[in-house]
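Quick caveat: nothing in here was measured; it's all calculated off a predicted structure.
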Amino acid sequence: MTVADHPIATPPRAPSPVHRFGTLAVHAGAEHDPSTGAVIEPISLSTTFAQTAVGKPVGIYEYSRSSNPNRDNFEKAVAAIEHAKYALAFASGSATTAIILQSLASGSHVISVSDVYGGTHRYFTQVAKAHGVKVTFTPEIEVDIREHITPETKLVWIESPSNPTLRLVDIRAVVSAAHQHGIMVVVDNTFLSPYVQNPLDHGADIVVHSVTKYINGHSDVVMGVAAFNSDAMKERLSFLQNAIGAVPSAFDSWLAHRGLKTLHLRAREATVNATAVAKTLEASPHVVAVNYPGLDSHPHRKIAIKQHRDGMGGGMLSFRIKGGHAAAERFCQCTSLFTLAESLGGIESLVEVPSSMTHAGIPKEQREAVGVFDDLVRVSCGIEDAEDLKADVLQALEKAVVWPKITNGLNGLAAS
């Protein structure tokens with residue numbers, strides 16, 4: 001008997017929300033405090049909760065690792081904006097990945113897109129195999145997924161857009177192939193946020209986020225979340241959430257929920273800025289290529305139009321700069337508004353060199369096979385003024401590419 005004998009149906013969607021995104025973001029999981037009438041929920045820092053008798057807590061809470069009012073409210077809000085029945089929060093995006101992989105039995109097989117976040121690649125290649133889970137990477141998952149499926153394949157992992165090359169995956173195409181063989185599909189939606197893309201609407205079984213990025217959006221919380229519609233998945237992942245204990249604090253849950261309330265405003269502005277910066281880079285003679293799904297030149301632009309809200313490109317982009325790795329480093333050191341730092345999705349704009357930073361742990365030949373070259377710069381556009389960001393990019397390009405040529409020319413004249 002093969003896995004093909006056990007096709008699975010796409011879990012039914014949660015009921016269609018009555019309200020639109022912005023209204024859900026502000027109000028979901030944000031009921032007024034019943035005892036004081038407080039419009040904003042209080043922070044429940046207590047680790048334990050009183051009981052009226054043995055085994056009879058006053059309310060629904062017993063111990064904060066198992067559940068906490070702030071975490072519950074945040075999870076309700078994420079479920080609402082991801083069109084999910086359930087959401088579970090974890091201590092980080094990496095912890096979310098680990099919990100999902102831990103839910104698989106030893107001997108299981110996973111198929112993943114090749115260009116994934118460096119931390120995900122590290123977990124798949126160095127940790128998952130330690131508990132008997134094998135991962136196969138493929139650069140063209142829509143094309144060759146069936147070639148990699150084995151009787152042990154239990155999960156397909158997608159990033160769309162991918163980090164850091166911004167490749168898109170046709171989620172529905174992968175889901176259709178995977179579900180025929182009884183295989184679940186997980187989509188990492190971190191790069192876009194629930195405002196721009198809702199993978200569950202395209203048939204995915206689980207959507208994950210590094211909440212640290214767009215959902216929180218203020219670079220002051222480390223957290224992850226998974227959203228889904230399956231009752232069985234809720235039971236399994238809730239058990240692991242409690243048993244492993246990789247949960248966020250009440251304060252972090254409160255902060256992330258506060259950030260989520262403005263997600264739609266921030267995501268829209270970040271997209272406006274990224275589009276402006278991408279067009280500026282594309283027009284520059286100092287740039288080799290630009291990766292941004294909001295551009296008509298992007299090879300997967302049709303997928304963006306189909307899967308993203310209004311065809312939005314999101315706030316992330318990457319580009320290859322002329323002059324190699326040295327020019328990429330100089331560019332990141334010459335910007336004044338873009339901060340040289342890892343992470344993404346905050347209100348401030350960031351730049352980094354993936355080959356030396358977020359993806360440094362991936363062997364060079366593997367990195368370059370999926371487009372992560374030494375001259376690649378990753379850009380996270382924040383919510384500053386677009387004209388200021390464009391000007392900052394242009395002046396940094398001049399200093400990174402043109403100035404060294406002038407300096408070298410002057411040094412040559414002096415030597416002669």
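- The line from OG of Ser66 to CZ of Arg71 is 7.5 Å long, rounded to the nearest 0.5 Å.
- Without hydrogens or angle criteria, Ser193 side chain to Asn189 main chain gives no donor-acceptor distance under 3.5 Å.
- Taking CH2 of Trp254 as the reference point, atom OG of Ser44 lies at 13.5 Å (rounded to 0.5 Å).
- A donor-acceptor pair is defined here as one N or O able to donate and one able to accept, closer than 3.5 Å; no such pair exists between the side chain of Asn198 and the backbone of Leu200.
- The side-chain heavy atoms of Asp252 and Val222, taken from C-beta on, include no pair separated by under 4.5 Å.
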Quick one: do Phe191 and Tyr214 satisfy side-chain contact (heavy atoms from CB on, under 4.5 Å)? Show the steps, please.
CA-CA 8 Å; Phe191 254 41; Tyr214 281 106; 5.7 Å; no
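- For the atom pair Ile100 CD1 and Met184 CE, the distance stands at 8.0 Å (nearest 0.5 Å).
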Residues Ser112, Phe124; criterion side-chain contact (heavy atoms from CB on, under 4.5 Å); working and verdict
CA-CA 9 Å; Ser112 171; Phe124 284 174; 3.6 Å; yes
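- Contact of the Phe319 side chain with the Val379 side chain is registered, since non-hydrogen atoms from C-beta on lie closer than 4.5 Å.
- In Arg122, the CZ atom is not crowded: 12 or fewer heavy atoms of neighbouring residues, nucleotides or ligands sit closer than 6.0 Å.
- Residues Val187 and Val208 are not in side-chain contact: their nearest non-hydrogen atoms beyond the backbone lie 4.5 Å or more apart.
- The only option from Asp188, Ile141, Ile206, Val185 that meets the side chain to side chain contact (heavy atoms under 4.5 Å, CB included) definition with Trp157 turns out to be Asp188.
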Test side-chain hydrogen bond (donor to acceptor under 3.5 Å, both in side chains) on Asp115 and His359 and set out the steps.
CA-CA 10 Å; Asp115 45 341; His359 291 65; over 6 Å; no
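- Ring planes of His257 and Phe74: perpendicular class, angle over 60° (limits at 30 and 60°).
- Here the closest non-hydrogen pair linking Ala84 and Ala227 is CB-CB, 3.8 Å.
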Could you please spell out the steps behind the side-chain contact (heavy atoms from CB on, under 4.5 Å) verdict for Thr138 and Val113?
CA-CA 5 Å; Thr138 172; Val113 292; 5.8 Å; no
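- A salt bridge links Lys390 with Glu387: at least one charged nitrogen is closer than 4.0 Å to a carboxylate oxygen.
- By the 4.5 Å heavy-atom criterion applied to side chains, Gln307 and Leu192 are not counted as neighbours.
- A 4.5 Å side-chain heavy-atom check between His19 and His27 finds every atom pair outside the cut-off.
- The shortest non-hydrogen separation linking Val175 to Gly203 is CG1-O, 3.4 Å.
- Summarising the geometry, atom OG belonging to Ser230 is positioned 12.5 Å from atom CZ belonging to Arg236; distances are rounded to the nearest 0.5 Å.
- Side-chain polar atoms of Gln197 and His202 form no donor-acceptor pair below 3.5 angstrom.
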Between Arg258 and Val221, is a side-chain contact (heavy atoms from CB on, under 4.5 Å) present by the stated rule, with each step listed?
CA-CA 11 Å; Arg258 183 189 65 171; Val221 167; over 6 Å; no
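- Of the possible donor and acceptor atoms, none in the side chain of Arg167 sits under 3.5 Å from a partner among the backbone N and O of Ser162.
- Considering only heavy atoms from C-beta on, Pro69 stays 4.5 Å or farther from Glu41 through its side chain.
- Checked against Tyr195 for a side chain to side chain donor-acceptor pair (under 3.5 Å), the options Arg268, His264, Arg266 give a single hit: Arg268.
- Note that the CG atom of Asn291 and the CG atom of Leu168 stand 10.5 Å from one another [nearest 0.5 Å].
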Start with the C-alpha gap between Tyr292 and Thr275, add the side-chain angles, then the distance that decides, and say whether side-chain hydrogen bond (donor to acceptor under 3.5 Å, both in side chains) holds.
CA-CA 8 Å; Tyr292 183 62; Thr275 302; 3.2 Å; yes
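- More than 12 heavy atoms of other shown residues, nucleotides or ligands fall within 6.0 angstrom of atom NZ in Lys306.
- Counting only distance, with no hydrogens or angles, the side chain of Thr212 and the backbone of Met223 share a donor-acceptor pair below 3.5 Å.
- Closest heavy-atom contact between Thr48 and Glu62: OG1-O, 3.4 Å.
- In terms of modelled atom types and a separation under 3.5 Å, the side chain of Asp144 and the main chain of Glu147 share no donor-acceptor contact.
- Between Val110 and Val156, the closest side-chain pair of non-hydrogen atoms is not below 4.5 Å.
- The minimum heavy-atom distance between His325 and Val353, with the atom names listed, is CE1-CG1, 3.8 Å.
- Rounding to the nearest 0.5 Å places CG of Asn68 at 8.5 Å from CG of Leu45.
- For the residue pair Ser94/Thr97, the side-chain donor-acceptor check at 3.5 Å is not satisfied.
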Given salt bridge (Lys or Arg N to Asp or Glu O under 4.0 Å), test Lys85 with Asp231 step by step and report yes or no.
CA-CA 9 Å; Lys85 189 175 181 180; Asp231 296 339; 2.9 Å; yes
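- When atom types are taken as modelled, the side chain of Ser380 and the backbone of Leu344 share no donor-acceptor pair closer than 3.5 angstrom.
- Between the side chains of His109 and Thr136, at least one donor N or O sits under 3.5 Å from an acceptor N or O.
- Contact of the Thr125 side chain with the Val135 side chain is not registered, since no non-hydrogen atoms from C-beta on lie closer than 4.5 Å.
- Heavy-atom minimum distance, Pro199 versus Glu82: CD-OE1, 3.8 Å.
- The main-chain N or O of Val370 is never found under 3.5 Å from a side-chain atom of Ser114 such that the two would form a donor-acceptor pair.
- For the side chain to side chain contact (heavy atoms under 4.5 Å, CB included) with Val393, the qualifying choice from Thr335, Val277, Val287, Asp388 is Val277, the only one to do so.
- In this structure a side-chain-to-backbone donor-acceptor pair under 3.5 Å is missing from Glu352 to Ala341.
- No side-chain N or O of Thr339 forms a donor-acceptor pair with one of Glu348 less than 3.5 Å apart.
- Judged by distance alone, the side chain of Thr271 and the main-chain N or O of Ala267 form a donor-acceptor pair under 3.5 Å.
- A donor-acceptor contact under 3.5 angstrom links the side chains of Ser336 and Asp392, judged on distance only.
- The environment of Glu235 atom CD is sparse: at most 12 non-hydrogen atoms of other residues, nucleotides or ligands sit within 6.0 angstrom.
- The two residues Ala80 and Leu24 have their closest heavy-atom pair at O-CD1, 3.9 Å.
- Using modelled atom types, one side-chain atom of Arg367 and one backbone atom of Ile362 make a donor-acceptor pair closer than 3.5 Å.
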